[in-house]
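Note sheet for the following structure.
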Amino acid sequence: MKVFISVDMEGISGVSCWDDVDPGKPSYARFRRVMTAEVNAAVDGALQAQAAAVLVNDSHGGMRNVLIEELNYRAELISGWPKPLGMMTGVDSGVDVAFLIGCHARAGTPHAIMDHTWSGSRVYRLTVNGQELGEVGLNAALAGHFGVPVALVAGDRAVTEEARALLGPNLVTCAVKEALSRESVRCLPPERAHGMLRAAALRALRESPPAPLVIESPVTISVDFVNSLQAEAAGSLPGARRTGGRTVEWTGEDVIAAFHGMVAMLALS
Ligand SMILES: [Zn+2]
C-alpha cells in the first residue's frame, strides 16, 4: 500500500491566523515545525498500518514549508512551486490512497479557520460542473481522476464536515481544532492532536475508503472572482468564457485539463 499525503497549513493544530502561515512573519517558524510534526503523525499512522511507502506533498503557499530534516526518514517529500498537479502533485505516481491534512474549509464557510478557496483575495466562489467545491473537493477530484480515493481529511472541524458531506460516511476525519471565527480557534496541544491524527491515519487504512471522486467529462470550472477587474483579466485566457461581471468559466476534456485552465485563469487574475 502506497500512501500520498497532501499537507496544507491553515488547518494545522494551533494555527490561528494568516501570520502563522506567512513566511514573512515571526510565528511562521514555530508553526512550520508543528506542521512537520503533524505530517509525521500521519506518516506514523500509515506505517503502523503497514504502508510500504509514504509520499508527502507540501501544499501551502510557496509549498516549501515542511522541514525535511525533521521528517520521518521513511517518507519522501515533494517541495516547491509550480508543479504539475499543485496540491495533488504525486497522486498520479502509483499511490493507492490519499490523505489530505492541515485542511481548511471553502470560501464563505462560517466558523471556519481562514476559509478560502485557492486564493482568499481572488476567489469568491468556485464550482465544478455546477457544484460548489473548496480545495478539499477539488483535490479529491484530481485524485479521483487517477482512481485514488481520499481516505482521511484532517483540519478544523468545519473542513471535516465539508469533506464528509462530499465524500460520504466512509471518510475518516480528524478535527484537530474548532474555529470560533475566521481567525480564532479552540485547539488541542500538538501532542494530543497528533495522537488523534496517528490513530485516524491507522483507521483510514484499515477500513474501506470512500469511492474515488470522479467528475463527469467534460468538466467546467467556473470562478466567481472577488472583483470584476480580476474577471476581466482571467477572461483573456484563450477558451475562457465570461458569464458574468465577476464570473469566468473554462471547460476542459477532463478534470485535469479544467484544473490547468483554472490555474491559468487565477494566475492572470
Ligand atoms: Zn494553505
Side-chain angles (χ1 to χ4, degrees), residues 3-22 25-51 54 56-60 65-75 77 97-105 109-115 135-136 150-165 167 169-207 209:
V3 179
F4 172 82
I5 302 176
S6 174
V7 55
D8 202 350
M9 196 167 188
E10 289 84 348
I12 294 293
S13 160
V15 166
S16 66
C17 67
W18 300 103
D19 278 12
D20 294 346
V21 300
D22 178 346
K25 298 288 168 35
S27 60
Y28 170 80
R30 279 176 63 208
F31 285 107
R32 69 189 301 202
R33 178 153 285 125
V34 176
M35 177 189 190
T36 305
E38 200 152 314
V39 172
N40 281 337
V43 171
D44 283 349
L47 294 174
Q48 268 178 46
Q50 311 301 325
V54 184
V56 177
N57 183 33
D58 195 326
S59 297
H60 170 74
N65 311 283
V66 173
L67 295 163
I68 184 73
E69 62 274 34
E70 294 182 13
L71 186 65
N72 186 308
Y73 79 102
R74 289 186 58 191
L77 177 67
V97 69
F99 294 171
L100 309 178
I101 69 172
C103 303
H104 55 82
T109 306
H111 309 300
I113 196 67
M114 292 179 265
D115 61 292
E135 291 177 21
V136 161
V150 171
L152 169 68
V153 171
D156 72 342
R157 181 159 308 282
V159 75
T160 61
E161 287 168 359
E162 177 184 317
R164 281 173 81 85
L167 300 174
N170 281 6
L171 177 72
V172 174
T173 59
C174 182
V176 297
K177 60 187 178 184
E178 183 154 357
L180 307 177
S181 72
R182 197 173 193 230
E183 296 193 33
S184 64
V185 278
R186 175 172 173 160
C187 36
L188 299 170
E191 193 178 342
R192 266 169 76 195
H194 296 171
M196 284 165 43
L197 185 56
R198 198 174 294 115
L202 177 64
R203 191 154 67 84
L205 296 186
R206 290 208 168 143
E207 294 176 2

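For Arg206, the side-chain contact (heavy atoms from CB on, under 4.5 Å) criterion is met by Leu202, not counting sequence neighbours. For Arg157, the side-chain contact (heavy atoms from CB on, under 4.5 Å) partners two or more places apart in sequence, or in a different chain, are Thr160, Glu161, Ala175, Glu178. Residues satisfying the side-chain contact (heavy atoms from CB on, under 4.5 Å) criterion with Asn40, sequence neighbours excluded, are Thr36, Leu71, Asn72. Scored by the side-chain contact (heavy atoms from CB on, under 4.5 Å) test, Ala204 finds Phe99, Ala151, Leu152, Val172 as partners (sequence neighbours excluded).
Here the closest heavy-atom approach between residue Ile101 and residue Val39 is recorded as CD1-CA, 3.9 Å. Contact record, Ile113 with Ala179: N-CB, 3.4 Å, taken as the closest heavy-atom pair. For the residue pair Ala46 and Leu205, the shortest heavy atom distance occurs at CA-CD1, 3.7 Å. In this structure, Val159 and Ala105 approach most closely via the heavy-atom pair CB-N, 3.6 Å. Considering all non-hydrogen atoms of both residues, Val54 and Ala51 come closest at CG2-CB, 4.3 Å.
You'll find the side chain of Leu171 reaches within 4.5 Å of the side chain of Val150, heavy atoms only. For the pair Lys177/Val15, a side-chain contact is recorded, criterion being any heavy-atom separation below 4.5 Å from C-beta on. Side-chain contact check for Arg192 versus Met196: every heavy-atom pair is 4.5 Å or farther apart. With contacts defined as side-chain heavy-atom distances shorter than 4.5 Å, the pair Ser13/Glu38 qualifies. Counting only heavy atoms from C-beta outward, the side chains of Arg32 and Leu67 approach each other to under 4.5 Å.
In terms of modelled atom types and a separation under 3.5 Å, the side chain of Asn65 and the main chain of Met35 share no donor-acceptor contact. When atom types are taken as modelled, the side chain of Asp44 and the backbone of Leu47 share no donor-acceptor pair closer than 3.5 angstrom.
Distance check, rounded to the nearest 0.5 Å: CE of Met9 to SG of Cys103 gives 14.0 Å. Separation of atoms OH (Tyr28) and NE2 (His60) is listed at 6.5 Å; rounding is to 0.5 Å. Note that CG of Asn170 is 9.0 Å distant from CZ of Arg164, once rounded to the nearest 0.5 Å. Atom CZ of Arg198 sits about 7.0 Å away from atom CD of Gln48, to the nearest 0.5 Å. Between atom CG of residue Leu77 and atom CD1 of residue Ile5 there is a gap of 10.5 Å, rounded to the nearest 0.5 Å.
Within the structure, salt bridge (charged side-chain N to carboxylate O under 4.0 Å, His left out) pairs that include any residue of residues 10-21 comprise Asp19-Lys25 (at least two apart or interchain). Contacts classified as salt bridge (charged side-chain N to carboxylate O under 4.0 Å, His left out) and involving residues 179-188 (residues at least two apart or in different chains) are given here: Asp115-Arg182.
Partner Ile12 forms a side chain to side chain contact (heavy atoms under 4.5 Å, CB included) with one of Asp156, Val7, Val176, Val21 and no other, that one being Val7.
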